[in-house]
Every structure is written in C-alpha cells, then in structure tokens.
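Some notes on the structure that comes next.
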Amino acid sequence: MKRPFVTKAQLDEIVKTYPTPFHLYDEKGIRANARRVNAAFAWNPGFREYFAVKATPNPTLLKIFREEGCGADCSSLTELMLAEKCGFRGQEIMFSSNNTLAEEYRLADRLGAIINLDDLTHVDFLEESIGHIPETIFCRYNPGGVFTLGASKDGHQVMDTPGDAKYGMTRPQIAQAFRALKAKGAKTFGLHCFLASNTISNDYYPELAGILFRLAVELKEETGCDIRYINLSGGIGIPYRPEEEANDIALIGAGVRQKYEEILVPAGMGNVKLCGELGRFMTGPYGCLVTRVLHFKHIYKEYVGVDACAADLMRPAVYGAYHHITAAGKEDAPCTQVVDVTGSLCENCDKFAVDRPMPALERGDLLVIHDTGAHGHSMGYNYNGKLRSAELLLREDGTVKLIRRAETPEDYFATAIW
Ligand SMILES: *Cc1c(COP(=O)(O)O)cnc(C)c1O
C-alpha cells in the first residue's frame with residue numbers, strides 16, 4: 001500500500017499557513033535517495049549524478065543536490081542560468097540539449113559546462129557559435145530500431161522506440177563526429193544515450209551500459225579518441241502504481257559494475273568515469289500535490305472536483321499517467337466508491353484519476369496526489385488562466401518552508417502588452 005510521506009496532522013498544520021493546492025517535497029527522502037545513488041556507484045571513481053533540472057527546477061532542491069555531491073543536467077538557456085545561480089560550476093554542469101541555440105552553447109561554454117552534442121551537424125555549429133571546440137566533449141548516440149528488455153521478475157516489459165526519437169546520432173555519424181572533433185582539437189570524449197523512460201526494471205541501466213561500453217571500445221579502436229566518460233542519462237523509473245515494486249539502485253549499480261568489468265576493463269578502459277542524469281528517480285516519489293475536495297457531481301459518472309488542475313500536474317492529462325491518490329486521514333478506510341477526480345479546466349482530460357476506487361469523501365478533505373516530485377510542477381502551464389501552485393519543502397526537522405510562491409494574477413498579466 002502506498003502511504004504519503006506526510007500525515008493528516010502535519011497537513012492540517014501546513015494548510016493553516018499555505019492554502020491548497022501546493023506541491024510538497026520531502027527533504028529527508030530526497031537526501032537519503034541521493035546518498036543511495038552515490039553509494040551504488042561509489043565503486044567508480046569520478047562517478048557523478050547530474051540531476052536533470054527539468055524534472056524539478058527549484059533552486060532550493062538544486063542546492064540540496066549540490067550539497068549531496070550531484071551536478072546539474074541542463075537543456076536550455078534558463079536551466080543553465082539557474083544552475084549557475086545555484087552555485088554549480090564548470091564540469092558540475094552537463095549541457096545535454098537538442099536543436100540547440102547558439103546563445104545556449106555560448107553560455108554553456110562560458111560556464112565551462114560539459115557540452116553533449118546531439119547531432120553531427122552541431123560539430124560545426126558549436127565551433128561557429130563559440131569560436132572553438134572544447135577539450136572535453138560528449139556525443140549522444142541513438143541506436144535506432146526498437147529497444148526491449150524482456151519482462152523482468154515483476155512482469156514489466158520495457159520497450160521504447162529510439163528509431164522514432166529525435167535525439168542523438170546514428171552509429172556511422174557518431175564515429176564521424178568523434179573524428180571531426182578530434183581533428184578540431186578535442187582531447188577527451190564522452191558518450192551519452194537515453195533509450196527508455198520510466199523503466200521499472202533493475203536491468204535497464206546495466207543493459208544500456210553494455211551497449212555504450214561496447215560502443216566505446218569500438219569507437220576507441222576506430223577513431224583513436226580518448227573516451228573517458230560514459231553518461232547513462234535518465235530513465236530509471238519509480239513505482240507510480242501501488243502494485244509496482246521500486247527499483248533497487250544498489251542492484252542497478254552492481255549490474256553496471258559487472259558490465260564495466262566485463263567490457264571496459266579488459267579493453268584497457270578502466271579509467272572511464274560514469275555519469276547519470278536521473279530526474280524522476282531523484283525526486284519523483286519525494287513530492288506530492290496536496291489539493292482539497294471542493295465539489296461532488298453525480299451525472300452519468302461520479303465526479304470529485306478538487307482545487308488543483310492539470311496546470312499543476314499535467315501527466316495524467318497528457319499521457320494518461322497514473323498517480324496514486326490518498327485521502328489524508330482515510331489511509332486505511334475501505335474504498336466504497338469509484339470516481340473520477342477532476343480539476344476545473346475546460347478540457348475533459350483534466351482528470352487526476354479516472355474510475356478510481358476511493359473511500360467516502362467529504363467537502364474539504366485533503367487529497368494527496370502521490371509521486372509529483374518530478375515532471376509535476378515543472379510541466380505546469382497557464383491554460384484557462386490557471387496560476388501555478390506554490391512549492392513547499394518539508395525539512396528534515398519537520399518544519400515547512402515555502403520554496404516557491406504561488407503565481408498571482410499579476411504574474412499572469414506581466415507579459416501582456418495592453
Ligand atoms: C528528461 C531527461 C533526463 C531525465 O530523465 P528521467 O526519466 O526523469 O530520469 C535526463 N537526460 C536528458 C537529456 C533528458 O532529456
């Protein structure tokens with residue numbers, strides 16, 4: 001059973017100061033998880049997890065990750081600016097973008113960030129943009145086709161279609177890019193690849209590592225490039241559904257180590273440093289969206305209307321994603337009804353849950369929408385004039401801190417020209 005990291009008593013206190021809806025993050029959970037990730041890869045000297053900023057671009061959370069020894073993975077100009085403002089410096093910043101603007105490369109270069117090229121044509125474009133080629137450079141690989149991992153013990157099959165993805169370079173292109181970069185003065189190379197998102201399998205990272213490690217050995221022979229970094233990127237998932245089992249990061253780290261010792265070490269590449277760019281796995285379970293029951297509606301179906309909407313959490317509306325919902329204080333109450341939990345957008349997809357068994361509810365009840373810590377607030381938008389909610393941090397000492405205020409109508413009007 002999934003239980004919120006916050007109790008009804010705590011929530012009743014919090015809502016005295018901060019009106020619903022809001023996203024609440026659990027500092028203790030975030031730090032403990034970051035330490036587990038770092039411990040799982042401690043066998044690899046130089047390993048660094050670069051937190052994928054887009055998952056939860058909140059300065060307070062980024063500073064927590066920096067304290068835990070993580071870097072920042074950015075994909076845009078403003079994410080780079082945010083990383084700099086949060087104190088990340090030089091190679092603590094990974095810039096993994098696509099369809100990149102010249103000004104983004106210029107800022108990444110000025111910050112000394114590691115630049116990860118998404119396309120062969122960007123070898124020349126980068127040089128035009130910044131006037132040189134950095135000594136350390138990464139390239140993103142796309143193997144094409146369909147990536148599948150056989151059903152793992154918990155019955156989950158991982159499947160994604162890199163052949164349909166806009167990212168990365170083909171196998172011949174990546175060799176060509178490495179040669180061209182070397183000819184232009186690059187000294188140290190990195191490889192990056194992202195094959196599947198939200199994988200609930202301890203085999204995903206080891207499988208991807210096997211593909212990248214073999215590629216690194218081949219590319220070193222073909223091009224003579226000194227490959228020192230392999231970036232396994234994001235994609236480790238979290239159990240959104242109560243019946244799903246969490247990934248075991250220690251097992252994942254051990255699985256990657258086995259591939260490293262099988263493939264890289266015998267090839268004389270035991271000096272390769274690994275990187276991660278995990279987003280969802282770092283914050284997803286340690287955030288929730290707290291919202292209040294406003295209305296009940298009985299038509300052809302039963303509806304529970306709440307004060308949050310898809311502007312606060314888009315995933316159910318755009319991907320039909322499952323987010324578990326708990327009524328605070330009714331954790332153990334039997335589910336006696338099946339309802340749709342809806343927001344107020346004039347879009348029928350604005351439902352946090354469809355046909356969801358829930359306990360008896362009353363107006364004013366607080367609902368905790370689980371696992372909104374990644375790709376939650378950050379995907380928010382202003383459709384229907386909805387204002388994005390506040391973000392709060394439940395600190396390790398149990399106190400609560402406002403880490404982003406809710407938007408106001410003034411924010412909404414700020415960009416309009418009258
Ligand atoms: C989104 C993204 C990530 C993070 O992915 P998660 O699935 O949240 O772990 C990492 N790297 C890049 C380049 C991304 O675009």
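One-based numbering, in listed order, for ligands and for the atoms of each. Quick note: residue numbers are just sequence positions, from 1.
Heavy-atom separations between Met282 and ligand 1 are all 4.0 Å or longer.
Side chains of Cys275 and Phe41 form no contact here, defined as non-hydrogen atoms less than 4.5 Å apart. Under the 4.5 Å side-chain criterion, counting only non-hydrogen atoms from C-beta, Lys351 is not in contact with Pro316. Under the 4.5 Å side-chain criterion, counting only non-hydrogen atoms from C-beta, Lys182 is not in contact with Lys187.
Looking only at distances, no side-chain donor or acceptor of Thr56 sits under 3.5 Å from a matching main-chain atom of Asn58. Using a distance-only test at 3.5 Å, with no hydrogens or angles considered, no donor-acceptor pair links the side chain of Lys54 to the main chain of Glu79. Without hydrogens or angle criteria, Asn116 side chain to Phe95 main chain gives no donor-acceptor distance under 3.5 Å.
Interface of Asp73 with ligand 1, defined as ligand atoms under 4.0 Å from a residue heavy atom, comprises 10 (C), 11 (N), 12 (C). When each atom of ligand 1 is checked for a heavy atom of Ser233 under 4.0 Å away, the hits are 10 (C), 11 (N). In summary, the atoms of ligand 1 found under 4.0 Å from a heavy atom of Gly279, numbered by their order in the structure, are 4 (C), 6 (P), 8 (O), 9 (O). Distances below 4.0 Å separate heavy atoms of Leu278 from the following atoms of ligand 1: 9 (O).
At a heavy-atom distance under 4.0 Å, only side-chain atoms of Phe194, from C-beta outward, approach ligand 1. Contacts between Ala55 and ligand 1 below 4.0 angstrom, taking non-hydrogen atoms only, are absent altogether.
Between Gly235, Gly276, Cys74, it is Gly235 that holds the heavy atom closest to atom 6 (P) of ligand 1.
At the shortest separation from atom 2 (C) of ligand 1 among protein heavy atoms lies Lys54 NZ, 2.3 Å. In terms of protein heavy-atom proximity, atom 10 (C) of ligand 1 is nearest to Glu277 O, 3.0 Å.
Checking only distances, His375 does come within under 3.5 Å of ligand 1, N or O to N or O. Note: no N/O pair closer than 3.5 Å links Arg140 and ligand 1 by distance alone.
Remark: Arg404 fails to qualify as a cation-pi partner of Phe22 under the 6.0 Å distance and 45° angle criteria applied to the six-membered ring.
The aromatic rings of Phe51 and Phe65 lie parallel to each other, with less than 30° between the two planes, well short of the 60° mark.
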